[in-house]
Amino acid sequence: MTPLPRSFYDRDPRVVAPELLGKLLARDDGRSARIVEVEAYAGAEDAAAHSYRGPTPRTAVMFGPPGHLYVYFTYGMHWCANAVCGPAGEGWGVLLRAAEPVAGLEAMRAARPAARSDRDLCRGPARLAQAFDIDGTHGGADLVEGSPLRILDDGTPPPATPAAGPRIGISRAAEAPWRWWIPGNRFVSR
DNA sequence: GGTAAGATCAGC
DNA sequence: CTGATCTTACCA
């Protein structure tokens with residue numbers, strides 16, 4: 001159970017994303033969930049990325065050092081979380097789209113009263129953020145040390161053959177197959 | 001200064 | 001399928 005080191009994140013998000021499958025998102029209060037679905041966003045070469053047109057106040061964290069959390073607010077009500085990747089300045093990141101709850105389910109249920117079953121606790125990027133009580137205050141949180149949030153390696157390897165396909169909910173660069181998930185996993189959002 | 005679209009979700 | 005709800009970024 002060791003936190004992923006900074007070097008893990010310091011690579012292209014299209015390499016990092018599939019390797020994040022099977023890792024554990026964890027909070028210092030005991031909540032943890034196994035990551036089963038992710039999407040890569042590739043900065044200046046990716047028209048679907050928030051960072052596509054360069055840094056803005058909102059996306060500043062994406063252009064900072066890797067291994068930090070880029071949290072954004074969307075649709076007037078939802079927070080979503082990304083792991084910043086690559087060298088500072090690239091604007092690369094991996095959106096955490098879905099996870100399988102492992103521990104601290106009580107706290108997740110309390111954070112997500114709308115969830116109809118445990119399957120829905122972390123099934124979708126905004127649900128995942130809500131289950132972990134992630135919001136704007138966690139923008140820039142260090143996933144390696146010094147914040148309540150971590151991504152841990154418990155020895156579970158990523159799938160040998162992850163499923164891949166187009167990303168969800170975007171209109172530009174909609175063809176790029178930069179979404180990865182654990183094949184057959186029931187906690188994947190789609 | 002106005003406006004359109006948005007890396008979504010829940011309920012009908 | 002649609003309404004909710006509001007921030008950001010882009011354009012005039």
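Naming convention: chains lettered A, B, ... in sequence-line order (proteins, then strands); numbering from 1 in each chain. Keep in mind it's a predicted model, so treat the numbers as computed, not measured.
- Backbone-only engagement by A:A126 is indicated by non-hydrogen atom pairs under 4.0 Å involving sugar-phosphate atoms exclusively.
- In the hydrophobic clustering of ILVMFWY residues, with side-chain heavy atoms under 4.5 Å counting as a link, A:V102 and A:L149 come out apart.
- Remark: side-chain polar atoms of A:R27 are paired, donor with acceptor, to backbone N or O of A:F132 under 3.5 angstrom.
- Of the candidate nucleotides B:dC9, C:dT5, B:dA7, B:dA7 has the atom nearest to the side chain of A:L95.
- Not one N or O on the side chain of A:D28 forms a donor-acceptor pair closer than 3.5 Å with the backbone of A:G30.
- In the set B:dA10, C:dA9, B:dA7, the nucleotide with an atom closest to the side chain of A:Y72 is B:dA7.
- You'll find that the side chain of A:R58 is closest to C:dA9, out of B:dT8, B:dA10, C:dA9.
- The residue among A:A114 and A:V94 whose nearest nucleotide of DNA chain B is located toward the 5' end is A:V94.
- For the segment residues 162-172 of chain A, residues with any heavy atom less than 4.0 angstrom from an atom of DNA chain B are, sorted by number, A:I168, A:G169, A:I170, A:S171.
- Taking the six-membered ring for Trp and thresholds of 30 and 60 degrees, A:H50 and A:Y70 have ring planes more than 60 degrees apart, a perpendicular arrangement.
- Picking from C:dT5, B:dA7, B:dG11 the nucleotide with the shortest atom distance to the side chain of A:R116 gives B:dG11.
- Mapped onto DNA chain B by nearest heavy atom, A:N82 and A:Q130 fall at different nucleotides, with A:N82 at the one closer to the 5' end.
- Residue A:T56 places at least one side-chain N or O closer than 4.0 Å to OP1 or OP2 of C:dA9.
- Pairing for B:dA7 is absent, with no Watson-Crick or G-U wobble pair whose two atom distances lie under 3.5 Å.
- You won't find any donor-acceptor pair under 3.5 Å spanning the side chain of A:Y75 and the base of C:dA4, going by distance alone.
- Atom P of nucleotide B:dT8 and atom CD1 of A:I134 are separated by 16 Å, given to the nearest angstrom.
- Not a single donor-acceptor pair under 3.5 Å links the side chain of A:T59 to the backbone N or O of A:M62.
- Under 4.0 angstrom from either OP1 or OP2 of B:dA7 there lies at least one side-chain N or O belonging to A:H50.
- With a 6.0 Å cutoff to the six-membered ring centre and a 45° limit on the axis angle, A:R6 does not count as a cation-pi contact of A:F8.
- A:F73 comes within contact range of the sugar-phosphate backbone alone, with a heavy-atom separation under 4.0 Å but no base atom that close.
- Side-chain contact of A:R97 with A:S189: a donor-acceptor pair under 3.5 Å is present, judged by distance alone.
- Computed from coordinates, the A:H78 NE2 to B:dA10 P distance equals 7 Å when rounded to whole Å.
- Between A:R112 and B:dA10, a side-chain N or O to OP1/OP2 separation shorter than 4.0 Å is present.
- The phosphate of B:dT8 (OP1 or OP2) has a side-chain N or O of A:R97 nearer than 4.0 angstrom.
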